[in-house]
Amino acid sequence: MNTNYDSHKLSENLIHAFTAYQNAFSEMAANMSDKMKAVEPDPFNLSDATRKAMQEIYVHPEKMLEHSLELYKDYLKLMTNVAHKAAGKEIESEFKSEGKDNRFIDEAWENNPFFNFIKQAYYLNSAWVKDVMKECHNLDKKEIHKLDFFIKQFIDAMAPTNFPHLNPQVIKETLETNGENIAKGAENFLKDAIRSKGNFSIATTDFKAFKVGENLAITEGKVVYQNDLMQLIQYAPTTDKVKKIPLIMMPAWINKYYILDLKPQNSFVKWIVDKGYTVFMISWNNPDENFKSKNFEDYMKEGPLAALKVVQEITEEKEVNFLGYCLGGTLLACTLAYLKSKKVNNIKSATFLTTLIDFEECGDLGVFIDEEQLSMLESRMNKRGYLDGSEMAQTFSMLRANDMIWSFYVNNYLLGKEPFPFDILYWNADPTRLPSEMHSFYLRNMYQNNALIKPNGISLCGQGIDLSKIDLPTYVLSTREDHIAPWKATYKATSTYKGDIRFVLSASGHVAGVVNHPSKNKYNHWVNEKYDANPDTWFNNAKEVVGSWWLDWDKWLKPKSGELVEPRKINAKAAIEAAPGSYVKKQIV
């Protein structure tokens with residue numbers, strides 16, 4: 001470590017950083033002045049659960065005394081452990097993480113007694129707080145889940161890596177650059193404050209490195225149909241022959257479709273087209289206040305039902321294969337049940353990617369779903385007619401705070417580095433708005449009441465929706481580390497749908513586990529055709545297969561796609577515009 005730093009230069013850079021932070025906070029204050037007036041005092045409805053927890057702790061002081069004595073004993077162990085390590089003894093740390101923790105990869109956290117003590121104390125204190133909360137027995141299941149989640153948020157925020165004077169990597173960088181990292185970090189903070197326009201978000205990628213239609217979403221095609229809610233893209237064939245039955249892809253409308261059509265090297269769309277499928281993509285619009293009254297039924301009518309009709313007309317095929325991703329998969333399940341109730345059988349097969357239909361165990365998203373929070377959210381949405389996409393993005397970031405918030409906080413602001421250009425994170429930072437009426441229906445009927453899984457629990461366009469009536473071939477993909485659609489919850493599809501089903505579990509998470517090009521040879525997957533009621537039993541007996549699930553899905557879909565026919569050339573005269581179309585380019589920020 002270079003200790004011969006230039007004190008004058010360091011002071012100069014710190015003053016520059018202070019000025020930049022002042023400007024950033026002034027910018028944020030100007031942008032947020034109106035919004036601060038409407039801030040709810042308890043936006044996450046934590047007060048009741050916290051009060052109950054504190055009350056139980058006060059009523060049973062003997063339990064706190066026991067925990068305090070245990071903490072005292074553990075600190076004695078910690079000091080002994082660090083002293084032995086400082087004396088040169090090769091012993092393992094007394095307190096450590098259960099798995100790999102990338103926050104503490106710098107060797108000083110293990111080799112330097114001071115930093116090693118701080119790291120172990122952090123793990124010790126974190127475990128102690130969690131143990132104390134286990135004594136709160138008068139809270140219901142949802143209250144315990146909520147407190148656990150927000151305590152984890154607090155613990156993640158208090159990590160020593162997030163404080164410049166406690167992070168050896170930041171200290172080293174500051175001395176070696178004479179504080180240039182701090183000055184650059186302040187500039188990065190100022191840029192984020194200006195870019196965010198009141199909804200502060202930290203940059204997770206280099207936004208200048210990507211542009212939709214230039215180096216993302218560039219698979220050749222045309223917009224062949226559009227309505228208020230969506231554009232339908234038909235992709236140009238790349239093979240001499242194509243499979244007879246076309247494929248329609250329906251992503252979620254919480255984000256944009258091009259997660260399935262990123263760069264050519266990892267584009268799911270291009271890979272499918274190159275396999276000889278005739279592919280159509282639903283590209284959802286980015287609604288504003290004029291879409292306030294658009295409801296869930298409208299999304300079904302103007303989305304999959306409209307796309308189905310257009311594709312049948314273009315290809316002159318009665319049947320199609322359908323794929324739905326995340327919320328798009330939930331809507332696909334609703335559509336299939338609706339068509340079944342109407343005795344319409346023109347869907348040959350359905351593919352569901354990371355799709356919830358039973359929301360009882362919806363993971364950490366459930367902490368945001370209660371009557372008080374929903375009422376506050378609906379009040380905000382009704383005033384402007386939509387939920388701002390940045391609010392949804394912030395919620396998703398909280399689900400993986402260390403990866404999506406604090407790692408970038410350290411990299412961008414403390415180390416003063418630019419975020420790496422990453423296409424998936426660019427897409428993640430390009431969200432869409434959600435019409436208030438549609439989103440309220442979705443949150444209340446699916447998340448709050450879990451009505452979709454109940455036969456006729458909801459009705460759409462006058463028809464009761466019964467998912468158990470779906471009896472066509474289905475392919476269900478889940479991802480093992482999914483924080484949005486937990487795989488054990490999505491596994492319930494195996495006992496809901498009545499047709500031939502294939503459930504596949506991919507490694508990684510909600511996005512990376514799906515966007516997994518075979519050429520990368522990453523993220524294995526698991527298969528097991530015996531579907532036990534217990535997902536753990538299914539997994540324990542599953543076979544792990546090397547590489548991407550794409551190959552398994554292609555093998556499954558081929559027999560359901562008919563014989564080879566002449567490629568369907570796009571009618572250029574009838575096309576509205578070139579892919580990726582204009583809807584996907586509407587940005588919030």
- One should read off an interatomic distance between Glu361 CD and Leu356 CG, to the nearest 0.5 angstrom, of 10.5 Å
- Message: ring-ring contact (aromatic ring centres under 6.0 Å, His included), that's the test. Do Tyr475 and Trp550 meet it? Break it down for me.
- Response: CA-CA 12 Å; Tyr475 188 101; Trp550 292 13; over 10 Å; no
- Looking only at heavy atoms, the pair that brings Ile202 and Met404 closest together is CG2-O, 4.3 Å
- Would Trp284 and Tyr583 count as a close aromatic pair, with their ring centres under 6.0 Å? no
- Note on the structure: Across all chains, not counting sequence neighbours, the ring-ring contact (aromatic ring centres under 6.0 Å, His included) partners of Tyr409 are Trp406, Tyr413
- Ring centres under 6.0 angstrom apart (Phe368, Phe149): yes
- Message: A side-chain contact here means heavy atoms from C-beta on lying under 4.5 Å apart; do Phe150 and Met398 qualify?
- Response: yes
- Item | Aromatic centroids of Tyr447 and Tyr442 separated by under 6.0 Å | yes
- Query: Which heavy atom in Asn255 sits nearest to a heavy atom in Pro431, and how many Å separate them?
  - Reply: ND2-CA, 4.0 Å
- Task: Kindly state whether the ring of Tyr258 and the ring of Phe210 have centres lying under 6.0 angstrom apart.
- Result: no
- Check whether the ring centres of Tyr491 and Phe503 lie less than 6.0 Å apart, and answer yes or no. yes
- Query: Taking side chain as C-beta onward, heavy atoms only, is Lys146 less than 4.5 Å from Gln373?
  - Reply: yes
- Message: Less than 6.0 angstrom separating the ring centers of Tyr235 and Phe280, yes or no?
- Response: no
